[in-house]
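One structure is given here, and the rest of the page talks about it.
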Amino acid sequence: MRLATLSLSVAALLASAAVATAAVKPETAIRYRQSAYTMIGWNFGPLAQMVKGKAPWDAAEFARHADRIASLTPQLLEGFPEGSATGAKTEAKPDIWKNMDDFKSKMDDLVTQSKALADVAKSGDEAKMKDQFKKTAGACKACHDKYRNED
């Protein structure tokens, strides 16, 4: 009886894992990652305006946006599961899935730089915040240059 119960439990777990993996449709993954990028852009824009002197400097506001970016960037990679190169309109190049290790490395750098941005923003040091913003923007650009269609 125990063996039968254990076998059924294992079979149920394997089946649910397969369903969970198969449940992510390409269009859902694409929509997820595009939403995350939209939210990052929403928060990145005001920082860029402050750094460029096109908006008044506000260290508290800068820190608020930097924290949001740092919380969003670790979620990006989830939006690039195998098979999500197509299925909806996307600017992601198919090279992502051909060079996943390099892509992951670039994403890891973005996560690292975004966390550093949030940490530096807590200091209130404008010069350091601007410098780290440029590093974070550079991490974005490194990925966009190689893996995003900018048509």
Side-chain angles (χ1 to χ4, degrees), residues 12-151:
L13 284 172
L14 291 174
S16 65
V19 169
T21 301
V24 178
K25 296 178 182 176
E27 61 270 18
T28 302
I30 293 168
R31 196 168 44 250
Y32 172 85
R33 68 183 180 236
Q34 289 173 341
S35 297
Y37 281 117
T38 297
M39 292 188 332
I40 290 169
W42 177 269
N43 287 283
F44 211 80
L47 302 184
Q49 294 297 306
M50 283 187 240
V51 168
K52 293 176 182 177
K54 295 181 178 181
W57 184 259
D58 183 334
E61 190 70 6
F62 190 100
R64 185 170 68 91
H65 288 292
D67 278 339
R68 289 178 180 172
I69 293 166
S71 72
L72 289 164
T73 57
Q75 300 174 54
L76 289 172
L77 197 54
E78 293 175 50
F80 292 90
E82 187 66 40
S84 67
T86 61
K89 188 175 187 296
T90 178
E91 295 172 347
K93 290 182 179 178
D95 288 349
I96 290 170
W97 292 270
K98 294 175 188 169
N99 303 298
M100 187 53 79
D101 288 342
D102 181 59
F103 181 71
K104 285 180 181 177
S105 175
K106 288 182 178 2
M107 291 296 255
D108 288 345
D109 187 44
L110 175 60
V111 170
T112 299
Q113 295 302 327
S114 297
K115 179 161 180 1
L117 180 65
D119 290 344
V120 167
K122 289 175 179 65
S123 75
D125 184 320
E126 184 177 340
K128 288 181 181 177
M129 293 160 79
K130 287 179 176 180
D131 183 56
Q132 185 56 45
F133 174 84
K134 291 173 185 171
K135 291 176 185 175
T136 306
C140 288
K141 185 175 178 352
C143 202
H144 283 206
D145 286 349
K146 191 166 184 180
Y147 296 115
R148 181 178 181 205
N149 287 315
E150 306 258 0
D151 297 333

Lys130/Glu126 salt bridge by N-O under 4.0 Å criterion: yes

Asp131/Lys135 ion pair, N-O < 4.0 Å: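 So Asp131 pairs with Lys135 through a salt bridge.
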
Closest heavy-atom pair and its distance - [X], [Y]:
| X | Y | value |
| --- | --- | --- |
| Thr73 | Ala70 | OG1-O, 3.7 Å |
| Ala121 | Phe62 | CB-CD2, 4.0 Å |
| Asn43 | His65 | OD1-ND1, 2.7 Å |
| Ala92 | Trp97 | CB-CH2, 4.1 Å |
| Phe103 | Cys143 | CE1-SG, 3.5 Å |
| Ile30 | Ala88 | CD1-N, 3.6 Å |

Within 6.0 angstrom of Lys122 NZ, more than 12 heavy atoms from elsewhere: yes

CH2 (Trp57) with more than 12 external heavy atoms under 6.0 Å: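 Yes, the 6.0 Å shell around CH2 holds more than 12 heavy atoms from other groups.
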
Quick one: are [X] and [Y] in side-chain contact, heavy atoms under 4.5 Å?
| X | Y | result |
| --- | --- | --- |
| Gln75 | Tyr32 | yes |
| Leu76 | Ile40 | yes |
| His144 | Glu150 | yes |
| Met50 | Met129 | no |
| Asp95 | Lys146 | no |
| Leu77 | Val111 | no |

To the nearest 0.5 Å, what is the distance between [atom1] on [X] and [atom2] on [Y]?
| X | Y | atom1 | atom2 | answer |
| --- | --- | --- | --- | --- |
| Phe80 | Met107 | CZ | CE | 5.0 Å |
| Arg148 | Glu91 | CZ | CD | 4.0 Å |
| Tyr37 | Gln34 | OH | CD | 10.0 Å |
| Ser84 | Glu82 | OG | CD | 8.0 Å |
| Thr38 | Arg31 | OG1 | CZ | 12.5 Å |
| Arg64 | Leu47 | CZ | CG | 10.0 Å |

Looking at [Y], is its backbone amide N or carbonyl O close enough to the side chain of [X] to form a donor-acceptor pair, meaning the two atoms are under 3.5 Å apart?
| X | Y | answer |
| --- | --- | --- |
| Asp125 | Lys128 | yes |
| Thr28 | Val24 | no |
| Gln113 | Cys140 | no |
| Ser105 | Asp101 | no |

Partners passing side chain to side chain contact (heavy atoms under 4.5 Å, CB included) against Lys115 (at least two apart in sequence or in another chain):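 Counting only residues at least two positions away or on another chain, Lys115 forms a side chain to side chain contact (heavy atoms under 4.5 Å, CB included) with Asp119.
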
